[in-house]
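Pasting a structure below so you can have a look.
Both backbone and side-chain heavy atoms feed into the values below; hydrogens, waters and symmetry mates do not. Computed from a predicted structure; not experimentally measured.
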Amino acid sequence: MIELFKNLKPYRRSILLILVSLLAGILLELYLPTLTASIVDIGIVNNDMGFIFKTGGWMIVCSLLAGALTVAVTYLTSKVSVGFGRDLRRRLFGHVGSLSLQEFDRFGTASLITRTTNDIRQIQDVVNMILGMMTRAPIMLVGGIILAVSRDATLSLIFLASLPVLAGLIFLIMRTAIPIFRSLQKKTDRLNLLLRESLTGLRVIRAFNRVDYEKKRFDEANEDYRDTGIKVNRIIAVLFPVMMIVMNFTNVAIVWFGGIRVNEGAMQVGNMIAFLQYAMMILMSLIMLSMAFIMIPRAQASATRINEVLDLHSKIGDPEKGRFAGAAKGVVEFKDVTFRYAGAEKAAVESVSFVARPGETTAIIGSTGSGKTTLLQMIPRFYDADQGSIRIDGVDIREMSQKELRAKLGYVPQKAALFRGTIADNIRFGNGDIPPEQLEAAIATAQASQFVSSKEGGIEAEVSQAGSNLSGGQKQRLSIARALARKPEIYLFDDSFSALDYKTDARLRAALRQETGDATVIIVAQRVSTVVDADQIIVLDEGKIAGIGKHDELLAGNRIYQEIVASQQTEGETA
Amino acid sequence: MTNKKGPGPAFPAGANKPKDFKKTLFRLLGYLKPQRNMLIIIAVMAFMGTLFSVISPKLLGEATSSIFDSFMKGTSVDFAFLGKLLIWLLVLYTVSALFTFLQQYLMAGVSQRTIATMRKEVNEKLTRLPLRYFDKHPYGDLLSRAVNDIDNINNSLQQALIQIITSVITIIGIIVMMLFISPLLTLVVCVTIPLSAIVIRFVATRSQKYFISQQATLGQVNGHIEEIYGGHQIVKAYGYEEKALDTFDEINERLYETNWRAQFMSGLMMPMMMFIGNIGYVLVSIAGGILVLNGNIRIGDVQAFIQYSQQLNQPMVQAASIANMIQAALASAERVFAVLDEEEEASELPALVDPNQLHGSISFQNVSFGYDPENPIIRNLNLEVQEGQTIAIVGPTGAGKTTMINLLMRFYEINGGRLKLGGADFQDMSREQVRSRFAMVIQDTWLFNGTIRDNIAYGKEGATEEEVVQAARRAYADDFIRTLPDGYDTVLTEDASNISQGQRQLLTIARAITSDPLILILDEATSSVDTRTEMNIQKAMNEMMQGRTSFVIAHRLSTIKDADLILVMNQGEIIEQGTHMELLRQKGFYADLHNSQFSEGQDEAV
């Protein structure tokens, strides 16, 4: 967590101001009982009404000042802690954007979202609390003790007994409670998980008549949570009364020993009353401090999760000086490329070599886990090869800047991703120079004209967050249009037609063939019908190339390809 | 992570106002009824504990007065009297603390039990709601009701209930004590009360306003984060990182603006109240000093007054936050109750028929159905399916093929006509009886967070190890399972993201095999599963279909051609039915569909 606090640096001036204001405010507050003491010891004892009014006036001035200072502190802490949260959120968001796919997948989308939202929130709250409460409490504690000692050092010895007792008791209770708090958190997570599952798995659960089973699972978790909740709250129930007892016993001791001191003539009664106030302030600050400590472990966990992300740096970087690929357009060459996911035993892609040429369609086919998608995703450098190299027009892609490299590509993923904005925004997608005609053409080629024009506002129709107001097929077509609109040198389609019905699929592919013209097209495909007319088909099996050739050639001599075809088209061929 | 509340908002957003305060309150209190006796005991304890703590400052003041009097008179301090007084005080403090402890201790049980009951109720309610309900209500909303709202109620029960009792008793007790000591000085203290009220009102309304706009902006920030993270690949591939960051900066900045204001406003409460407390303190010091001078009261009474005015401050602040807490809790309770009040699936009695004796024939007799009964999408459907037949359902995406699944699995009730299984009317059987004879393998490959073994065994209660492995073999899943480091004990993550989509599908097939159904519902679509795995899936499905009545959402020509009957669906309706050859001859929608899908491949292939 300390690591993250370094981000507070830009706010050091405000923090200094907070500390100074706090100190001043607390001193003023601590001064009040002193003034009360003098009202008693001088005003009352000497029967001096004027003195009482004068001192009272001072007291009002002091409380006004103290109040104003506290407001200032609150203002500053709000700005600092929220500003800190804003900065950290931005840093994390920017950092996540820089991660390569491999690093990104290590955490998963959901987890990264939680880290950027909730976890940052937790840290922000703790910073707010530390600045407001945790700095206040120690100052109050020390200031109170100093004033108490300066009033009457002998009587202050009482604190020597009560402070350690209070601290010790708080420590003991906390030590018992905090681990249970942690397990309570885990049980909360479990409960939420079960609820989420029972909602997402609704149909399956009902289909298999496992409603009672799910109920039982939930009840167990629920009861477990309840019992732990009772336990932890019972422990916390000890805390408050114990603190009250220590505080009150201290008061009694002050009056008793104060009585003795007054009797000896070593102390005045007003001082004793002031002393009672100090005792209250000192012990209260200790209690506040202990409350604050409850929050720290929770924030600690958040800090760890945030740091995990921040400490992970993308292994895929840009070269010092990017080389620019030459005039030839879009020759993609894999040379003996091997890639293995972190921690994986087997290589996902092994010794793959092939060349994809402009004006040609290269299709990649193979079973699940054969490495097709990985292979495709290596071209935009979502992953870097462990061995071998990928070249575009003869230049190793690692020698190009990522920006330049990706500008050559039109990538369409399996799962279409759309963003809030208009349809046009989504197709332009950060590329403002695309002229409207090109936009329209891309939409037409992607077979999206019809549904786009049926939307209110046409291409200016609003797309809601993550495209939730569009169907799967519509999203996929817009995602294809996005790639087309850029007129890239190289098209990468990763099984991008799966959400389309047959008719649209066929029409789309026919239109694509004309549109892609001189570009290099690389398609990862499921259906044999998608690949039959490709210029070359690469058959992948367990990361290795099991064959390259045209449909007829492979059909004649490649066992794996034959199996694939057989599984899909037995009927079609005999017909 | 649970959604813990933001930065100590004593004032949750104003959108949280319950609509019918009284009704909801009484209903919520109804949940406390079983614990009524316990609550009475707790209330008594809270009363006692507070009472004793209210008396003690006065006693402590007596002690101070006694010392001061001796001092003024110049006599020795009366230690015998002082000692007796202080011992009494020690006893009082101890008893008060004990009561406070007991009351908290007991309350922990009451609130947790009440909440556990409510949570259980909600969970069970969800199991009884018809699927129709879930179509209309997003999961996120339901989850938030079941988790956040119940959490909210829990917090309020735990704290507010006791605080109401103690606050009220403390305020009354202190005022009585103060009046008893000095009505005049009480008046001085009471001057600060309207001041507090004004401050609380001022701060509360303002911070509420900021909290509302903060929540709205927070939603936008979270939405943007979700979207950009969700589309990470595309963002990278199209070099959109900077643009995304720009948008983020803009929303993040707006969040900052509302957030610090909200934080500041709610943070103002404490210092403002402390300031008012200090004013009260000063006033008491001055007025007290003068009264002591005039001999109206004793010095210890002033000391007691100082303590009282400080003690009075706290319940005042609390009262403000309690009011808000209760309001938020009631709003939450209202949302929870709304779920509990939803119309359930009609309850039914299991039929006397033994579903295990039924044949696998299905008959649709004049069946009509519509998600909205006003707009039936299936009208007067008549269909006879003999045991062992295969029915292929074809049609473009979104044609309503899942509607058929929904009716067969009885996720939805038909609006008219009869649907029979083995000659027995669906309506005469319980849903469980109907479903026990079906198994489905659909595209939504739901698996739960647990071991692979448990997931496969899910299809049949008490499935043995052997049955599990056997099912996995027949689903061609055994091989890949064994290559996993923990084999069958591999724990699937929540979204089963630690295995591939194809592997997930194989597991759902294995699960269906364990349940050994009479009738199968299959979705052949294997959008992310491909050829060789698909071949395995195909083989597994074919084997499973042997001798079973099967409804297949068909994507393969082979399945379609072999089917005993093809149902062609478009735009939610069954538009054609017949065998492959019959339908081709009709030259209708099916013929079109068939040509567009298969002709191209055929031409090239042959």
Among the listed options B/Q303, B/Q233, B/Q103, the residue most often paired with chain A at heavy-atom distances under 4.5 Å: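 Ranked by heavy-atom pairs under 4.5 Å with chain A, first place is B/Q233.
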
Closest contact, heavy atoms only, B/Y93 versus A/I245: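 Where B/Y93 meets A/I245 most closely, the heavy atoms are O-CG1, 4.3 Å.
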
Region of A/S81 in contact with chain B, defined by heavy-atom distances below 4.5 Å: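 Just its side chain gets close to chain B.
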
Over 12 foreign heavy atoms within 6.0 Å of CZ, B/F79: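 Yes, enclosed.
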
Top contributor to chain A interface from B/L268, B/I306, B/I225 [non-hydrogen pairs under 4.5 Å]: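 The option with the most such pairs is B/I225.
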
Most chain A-contacting option - heavy-atom pairs closer than 4.5 Å, from B/A63, B/A116, B/G49: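 Result: the option with the highest number of such pairs is B/A116.
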
Nearest-0.5 Å distance that lies between atom CD1 in B/I67 and atom CD1 in B/I299: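 One finds 11.5 Å between CD1 of B/I67 and CD1 of B/I299.
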
When A/K231, A/Q402, A/M272 are compared by non-hydrogen pairs under 4.5 Å with chain B, the top option: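 Looking at each of A/K231, A/Q402, A/M272 in turn, A/M272 comes out on top.
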
For chain A, the option from B/I279, B/L60, B/L106, B/L89 that forms the most heavy-atom pairs under 4.5 Å: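 Heavy-atom pairs under 4.5 Å are most numerous for B/L60.
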
Cation-aromatic face contact A/R406/B/Y238, 6.0 Å, 45 degrees: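 A/R406 over B/Y238 ring: no.
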
Contacting moiety of B/E241, where chain A heavy atoms sit under 4.5 Å: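 For B/E241, the contact with chain A is made by the side chain alone.
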
Side chain, backbone, both or neither of A/V242 within contact of chain B (heavy atoms, under 4.5 Å):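 Neither part.
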
Atom group of B/I521 that falls short of 4.5 Å from chain A, counting heavy atoms: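 It is neither, since no heavy atom gets under 4.5 Å.
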
Under 4.5 Å from a heavy atom of chain B, the part of A/N47 involved: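 For A/N47, backbone and side chain are both near chain B.
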
Heavy-atom pair count under 4.5 Å with chain B, highest-scoring of A/M49, A/M280, A/K79, A/M244: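 Winner by heavy-atom pair count: A/K79.
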
Part of B/F480 within contact of chain A (heavy atom distance under 4.5 Å):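 Answer is neither: B/F480 stays 4.5 Å or more from chain A.
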
Short side-chain to backbone donor-acceptor contact, B/R435 and B/M409, under 3.5 Å: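 Side chain of B/R435 to backbone of B/M409, a donor-acceptor pair under 3.5 Å: yes, one is there.
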
Nearest-0.5 Å distance that lies between atom CD1 in A/I113 and atom CG in B/N222: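 Answer rounded to 0.5 Å: 8.5 Å.
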
Part of B/F99 within contact of chain A (heavy atom distance under 4.5 Å):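 Looking at B/F99, nothing touches chain A.
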
Max heavy-atom pair count under 4.5 Å with chain B, selected residue of A/A417, A/P380, A/A407, A/G229: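 With the most close heavy-atom pairs to chain B, the winner is A/G229.
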
Ring centroid separation A/Y411 to A/F382 under 6.0 Å: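 Yes, ring centres under 6.0 Å apart.
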
Sidechain N-carboxylate O distance under 4.0 Å for B/E227, A/R420: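 No, no charged N to carboxylate O under 4.0 Å.
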
Chain A contact via B/S515 - which portion, at a heavy-atom distance below 4.5 Å: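 When you check distances to chain A, only side chain atoms of B/S515 fall under 4.5 Å.
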
Closest-packed option against chain A by number of heavy-atom pairs under 4.5 Å, given B/V302, B/L126, B/I286: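 Winner by heavy-atom pair count: B/I286.
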
Contact leader toward chain B among A/L99, A/L276, A/N251, where contacts are heavy-atom pairs under 4.5 Å: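 Option with the top pair count is A/L99.
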
Which portion of B/V221 sits near chain A, non-hydrogen atoms under 4.5 angstrom: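 When you check distances to chain A, only side chain atoms of B/V221 fall under 4.5 Å.
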
Donor on one side chain, acceptor on other, B/R119 and A/N222, under 3.5 Å: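 The criterion, which ignores hydrogens and geometry beyond distance, is satisfied for A/N222 and B/R119.
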
Region of B/R261 in contact with chain A, defined by heavy-atom distances below 4.5 Å: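 Interface part for B/R261: neither.
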
Residue part contacting chain A, namely of B/M72, when any heavy atom lies under 4.5 Å: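 For B/M72, the contact with chain A is made by the side chain alone.
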
Segment of B/E242 engaging chain A (4.5 angstrom heavy-atom cut-off):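 For B/E242, the side chain is the part near chain A, not the backbone.
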
A/S63 and B/Y281 side chains, donor-acceptor separation under 3.5 Å: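 Checked: B/Y281/A/S63 side chains show no N/O donor-acceptor pair below 3.5 Å.
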
Chain A contact via B/K243 - side chain, backbone, both or neither, heavy atoms under 4.5 Å: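 Only the side chain of B/K243 comes within 4.5 Å of chain A.
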
Closest contact, heavy atoms only, A/A525 versus A/I365: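 Nearest heavy atoms, A/A525 then A/I365: O-CG1, 3.8 Å.
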
Contacting region of B/L92 [heavy-atom separation from chain A under 4.5 Å]: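 For B/L92, there is no contact with chain A at all, as no heavy atom is under 4.5 Å.
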
Distance flag, aromatic centroids of A/F93 and B/H224, threshold under 6.0 Å: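 Here the rings of A/F93 and B/H224 have centres that are less than 6.0 Å from each other.
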
Region of B/F411 in contact with chain A, defined by heavy-atom distances below 4.5 Å: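 Side chain of B/F411 only, per the 4.5 Å heavy-atom cut-off to chain A.
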
Interatomic distance, A/T77 atom OG1 to B/Q263 atom CD [nearest 0.5 angstrom]: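 The distance works out to 7.5 Å.
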
A/I205 versus chain B, the contacting section by heavy-atom distance below 4.5 Å: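 A/I205 touches chain B through backbone and side-chain heavy atoms alike.
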
Segment of A/F240 engaging chain B (4.5 angstrom heavy-atom cut-off):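 Contact with chain B: side chain only.
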
Option in B/A97, B/S66, B/S70 with maximal non-hydrogen atom pairs under 4.5 Å from chain A: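 Among the listed options, the one with the most contacts to chain A is B/A97.
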
Among the listed options A/V262, A/L202, A/V82, A/L112, the residue most often paired with chain B at heavy-atom distances under 4.5 Å: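 Among the listed options, the one with the most contacts to chain B is A/V82.
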
